[in-house]
Structures are given as structure tokens and as C-alpha cells.
*Asks:* 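I'd like to ask some things about the structure below.
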Number of protein chains: 2
Amino acid sequence: MNWEERLSRAGWRITMPRRVVMWVLQQAGHPLSPQEIHARGRRFHRSLGLVSVYRALAVLEQVGLVRRVHREDRCDGYILASPGHHHILLCRGCGRTVEFPGAEDLSGLIAHVERRTGFRVEDHLLQLVGLCPPCRGSRLRSRPSGWETTGQEK
Amino acid sequence: MNWEERLSRAGWRITMPRRVVMWVLQQAGHPLSPQEIHARGRRFHRSLGLVSVYRALAVLEQVGLVRRVHREDRCDGYILASPGHHHILLCRGCGRTVEFPGAEDLSGLIAHVERRTGFRVEDHLLQLVGLCPPCRGSRLRSRPSGWETTGQEK
DNA sequence: CTCTTAATGAAAAATTTTTTCAAAAAGAGT
DNA sequence: ACTCTTTTTGAAAAAATTTTTCATTAAGAG
Ligand SMILES: [Mn+2]
Ligand SMILES: [Mn+2]
Ligand SMILES: [Zn+2]
Ligand SMILES: [Zn+2]
């Protein structure tokens, strides 16, 4: 099921601004701010308004098609979201973003924390930051399925 | 070693705005935005400027005395930071925040991700969200949506 | 093709954060 | 305590970001 179908089934209309935002994020492969999305999007849709980018991002995020990226300085970056629960791995060299699953890898830690604090843990935010192979000076390796990459550009 | 000594050793001066920010965060026990810190801080330091709160937070965070909290909606909350590497556990009911160590609990996951992506992981952002014991008991009394900075006080 | 309603874009408003700069005050050295 | 140098402050202005408003457009069901 493609994103348009997902959007549609969730009760939203397929509109030009939403198409453009998805298209731009697809091309980029790394987090873009609303302003950046707007700038790039206008190349394809001249009259695109920044407001519509904000609104499109809100909808797309709610439907799970887009994910917000939290960084030390800014938290206004968005990337395309793979379906399902994933975490983000970010290269601090080139900005490339990789998503990976693995909620189960946290279950031990979560159980431990629940035991010691009495809290009931319901959700989590996990992001890893590091250097991708090219940025380390190493050569690229193949990526196993389940580990979709959002690609590199520029 | 107390926070004033730590600030001092890092080459910063102990000033009223910095004292006030530390004092306010200590009292609060849950994340406060710069505006909130400013409002509360003025009770003790009439002429405190919002600008100084921003500047104090920047310095205190850099020295590791204060930590920024990322949330779904806003990422401008600050809490006092325990010395060393900790993670944050946040109650989505009352806003109470607990810090916990445990970098070692992530080492397995990180090693796994490094192996499969070729990335070298250097840092991470981990936050857990859930319900604290008191809030688990009063689960049925749901709060009106739009509740501000989770607060036990008020 | 028609019709209803969601969605858009321009503009304005509201918020948040940063910059500027003269004045104040921290703290080191008398 | 007093002096001196440098950091820090607070007000104001500027910049940047996000939200609201509202008339107009267009998505998509029928
Ligand atoms: Mn997870
Ligand atoms: Mn950690
Ligand atoms: Zn954030
Ligand atoms: Zn890289």
C-alpha cells in the first residue's frame, strides 16, 4: 500500500502540497526543516505556501508517513517514515538518516526501569547519532532488509 | 562538588540569573520552558530578564547542570541534570521526571546497529514516557486535552 | 459534471529566540 | 575593602518560527 492510499484511507485528500512534501522528502534522504521543504517544493509547485507545508507535515506525521527528527540544536527536521515502529540513526557527518526497527532490544532496559521506578513505560524516543561508513572513510556495506535507508543526496 | 563549584571550575561566573534558574528548576521537579522559568524566577529576582534565562540555560546545559527534554509537541523543557550520563523517564500524567543511568543497557542494541549499518554510533538520545505510580492509580480521571506543562503543582 | 466540504495561500498575528549595546556586577589582584 | 578588567546583564529591537484568519480553490463523492 502506497502513501497516497494510506493517506486516503485515513480520510485525507491527496493534494498537491502533500504530494510535494512527500516528493521532496523522498529526494532529500535527510532531515529537512519546513522552510527547506518549502524552498525545494516551490520548484515543482510555484504557488506552494509555507503554511501548507506546516499543515501537510502535521497531517503526514499523524498518519505516520513522516517522522520528526530531534537534534541537539534543532528539532524541526522531518524525514520519510518507514511503516511501523522504527528508530532513527543519524550521521553527524553528512546528515544521512537510517531507520531501524528493534523495539525488542529495549524491552530489557524498560523492564528494568519499570521495576526500579514503579512507572509503567508506554512509549519511548530513541535516536542514535554517529558516523556513516563513507564519513568514517570506510567502504559501504550492503544493508539487510528491515533496515531501510532514506538515502543520501547533495 | 556542588553546581556553583562546577560552574566556576568551568570558567563561568556565579551570577544571580544562573542561581535563580537552578533554584527554580530545583523547586519544580519537572520540565519548565524558558518562559516558565522566567515567570517563576522573577519572584526571587524582580529584574530578571528572559534573555538571561536563555543565556543561563545555554551555559548550564553546556556544563551539564541542566538537561533539555524532548516531547512530542515541544522540546523547550529543561530539568536539573544529575551528574553523569542519564536518561529521562517522564510521566505523561503529571509531568514528573525521573533520571536513570544505564548506558550499558544500550550497548547490545548499539553494537547490533553498528554491525548491521556500518555506522559508528557515538551518541544517543533516549527518553521513556509512561505513568508514575500515583498516576497509574488515577488513570480514570483523564485530564482535559491540551494540558500544559504537566504539573504536580499549581 | 455538480456539489459539498476539505484544503489552500496570502496576510496578519502570535510566539519564540537571537542580536545589540550601554550599564551593572563578578571576582581577581591589590 | 577598593580597584580594575572582563564577563554578564537587561531593555529594546530584530529575526525567525509557528499559528490564526478568511476568502478562494480544488478534491473527490455522487
Ligand atoms: Mn522503539
Ligand atoms: Mn545513554
Ligand atoms: Zn526535540
Ligand atoms: Zn555520513
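Chain letters run A, B, ... following the sequence lines, proteins first, then strands; residues in each count from 1. Just the heavy atoms: all of them, side chains too, but no hydrogens, waters or symmetry mates, feed the values below.
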*Asks:* Applying the side chain to side chain contact (heavy atoms under 4.5 Å, CB included) criterion to A/Leu25, which one of A/Leu65, A/Leu60, A/Ile37 satisfies it?
*Replies:* A/Ile37
*Asks:* Charged N to carboxylate O under 4.0 angstrom, B/Glu72 versus A/Arg68?
*Replies:* no
*Asks:* Answer yes or no: is there a side-chain heavy-atom contact under 4.5 Å between B/Phe100 and A/Leu109?
*Replies:* yes
*Asks:* I'd like a table of atom pairs between the protein and nucleotides 17-19 of chain D - only N or O on both sides, under 3.5 Å - with the distance next to each one.
*Replies:*
unit_1: D/dT18; atom_1: OP2; unit_2: A/Tyr54; atom_2: OH; d: 2.4
unit_1: D/dT18; atom_1: O5'; unit_2: A/Tyr54; atom_2: OH; d: 3.4

*Asks:* Measure CD/A/Glu36 against C1'/D/dA16 and give the value in whole Å, please.
*Replies:* 14 Å
*Asks:* Considering every strand and a 4.0 Å limit on heavy-atom distances, what is the contact class for B/Arg55: base, sugar-phosphate, or nothing?
*Replies:* base
*Asks:* Sort me out a list of protein N/O and nucleotides 26-30 of chain D N/O pairs below 3.5 Å, or just none if empty.
*Replies:*
unit_1: D/dA27; atom_1: N3; unit_2: A/Arg13; atom_2: NH1; d: 2.9
unit_1: D/dG28; atom_1: OP1; unit_2: A/Ile14; atom_2: N; d: 2.5

*Asks:* Determine, for B/Arg74 against B/Asp76, whether the closest basic-nitrogen to carboxylate-oxygen distance falls under 4.0 angstrom.
*Replies:* yes
*Asks:* Could you state the CG-P distance from B/Leu57 to D/dT9, rounded to the nearest angstrom?
*Replies:* 11 Å
*Asks:* Would you mind reading off the bend of the helix from C/dC1-D/dG30 to C/dT30-D/dA1 from its two end axes, five pairs each, to 10 degrees?
*Replies:* 50°
*Asks:* Rounding to an integer number of Å, can you tell me how far B/Ile37 CD1 sits from C/dT17 P?
*Replies:* 11 Å
*Asks:* Of B/Arg67, B/Gln26, B/Gln27, which meets side chain to side chain contact (heavy atoms under 4.5 Å, CB included) against B/Leu80?
*Replies:* B/Gln26
*Asks:* If you look at every strand shown and take non-hydrogen atoms under 4.0 Å, does B/His38 touch a base, only sugar-phosphate, or nothing?
*Replies:* nothing
*Asks:* For A/Gly118 and B/Pro133, which heavy atoms make the closest approach, and how far apart are they?
*Replies:* O-CG, 3.5 Å
*Asks:* Whether A/Glu36 and A/Arg40 form a salt bridge (side-chain N of Lys/Arg under 4.0 Å from carboxylate O of Asp/Glu) is what I want to check.
*Replies:* no
*Asks:* For the aromatic rings, using the six-membered ring if either is Trp, is the centroid distance between B/His124 and A/His87 under 6.0 Å?
*Replies:* no
*Asks:* Is the shortest side-chain N to carboxylate O distance from A/Arg92 to B/Glu122 below 4.0 Å?
*Replies:* yes
*Asks:* Could you state the NE2-P distance from B/His45 to C/dA25, rounded to the nearest angstrom?
*Replies:* 9 Å
*Asks:* With a 6.0 Å cut-off on ring centres, are B/His45 and B/His38 close enough?
*Replies:* no
*Asks:* Does B/Glu4 come within less than 4.0 Å of B/Arg18, counting only side-chain N to carboxylate O?
*Replies:* no
